[in-house]
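For reference, the structure discussed in these notes is given below.
These figures come from a predicted structure and were not determined experimentally.
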Amino acid sequence: HVQLVESGGDLVQPGGSLRLSCVSSEGTISNRRMAWFRQAPGTKREGVAAISRLSSTTAYADSVKGRFTISRDNTDNTLYLNMMNLKSEDTATYYCAAGRSWSGVGTTFDPGAYPVWGQGTQVTVS
């Protein structure tokens, strides 16, 4: 059973960079599509970046295109989100999410497609 643990959130100045990590403490993520979502206080959870099971396809929210990069290391059961040129509007709690095993083609930002979620890591840009 996959359990996800995020890390890497921090307080950073505008224009700075961060790298978020999401490790599966149990079970493999190699056969699941993965995604990063974020939620700021008073707002809906939004998809930020998604990656297909074989890493052949990635997708990004328009607000982060060209600044964020999602990647995965299936050997280490780890999902990453590299964030550059951070802006104040990127401030949020970031969650990684895992899709169903061997399910789904490509990428999606539908939260319902991700039954497993981490506890979140806080990113503050100020």
If you round to the nearest 0.5 Å, how far is CZ of R53 from CG of N74? 11.0 Å

If you define the side chain from C-beta out and look only at heavy atoms, does anything of R45 sit under 4.5 Å from R38? no

Rounded to the nearest 0.5 Å, how far apart are CZ of R32 and CG of N77? 10.0 Å

If we ignore hydrogens and angles and just use 3.5 Å, is the side chain of T78 paired with the main-chain N or O of D76 as donor and acceptor? yes

Quick one: do D90 and K87 make a salt bridge, cutoff under 4.0 Å? no

Honestly, is R72 close enough over Y80, meaning NZ or CZ under 6.0 Å from the six-membered ring centre and within 45° of the axis? no

On a heavy-atom basis, which atom in T43 and which in Q39 lie closest, and how many Å separate them? O-NE2, 3.0 Å

Sidechain-backbone polar pair: S24 side chain, T28 backbone, donor-acceptor under 3.5 Å: no

Where does the angle between the aromatic ring planes of F37 and F109 fall among parallel (under 30°), tilted (30 to 60°) and perpendicular (over 60°)? perpendicular

Provide the closest heavy-atom pair for A92 versus A40 in the form atom of the first, atom of the second, distance. CB-N, 3.9 Å

Considering only heavy atoms from C-beta outward, does the side chain of Y114 approach that of T108 to under 4.5 Å? yes

Tell me whether T121 contacts the main-chain N or O of G9 through its side chain, where contact means a donor paired with an acceptor under 3.5 Å. yes

Can I get a per-line list of side-chain donor-acceptor pairs under 3.5 Å for residues 96-105, giving both atom names and the distance, sequence neighbours left out?
| unit_1 | atom_1 | unit_2 | atom_2 | d |
| --- | --- | --- | --- | --- |
| R100 | NH1 | G112 | O | 3.4 |
| R100 | NH2 | G112 | O | 3.3 |
| S101 | OG | N31 | ND2 | 3.1 |

Which distance, rounded to the nearest 0.5 Å, do you find between the OG of S17 and the CG of N82? 8.5 Å

With a 3.5 Å distance limit and no angle check, can you tell me whether E6 reaches the backbone of C22 through a side-chain donor-acceptor pair? no

Let me see the working for T91 and S126 under side chain to side chain contact (heavy atoms under 4.5 Å, CB included), right down to the final yes or no. CA-CA 8 Å; T91 296; S126 177; 5.9 Å; no

Shared-cluster residues of V125, by chain and number - hydrophobic side chains joined below 4.5 Å: V2, L4, V12, L18, L20, I29, M34, W36, V48, I51, Y60, V64, F68, I70, L79, L81, M83, L86, Y94, V116, V123

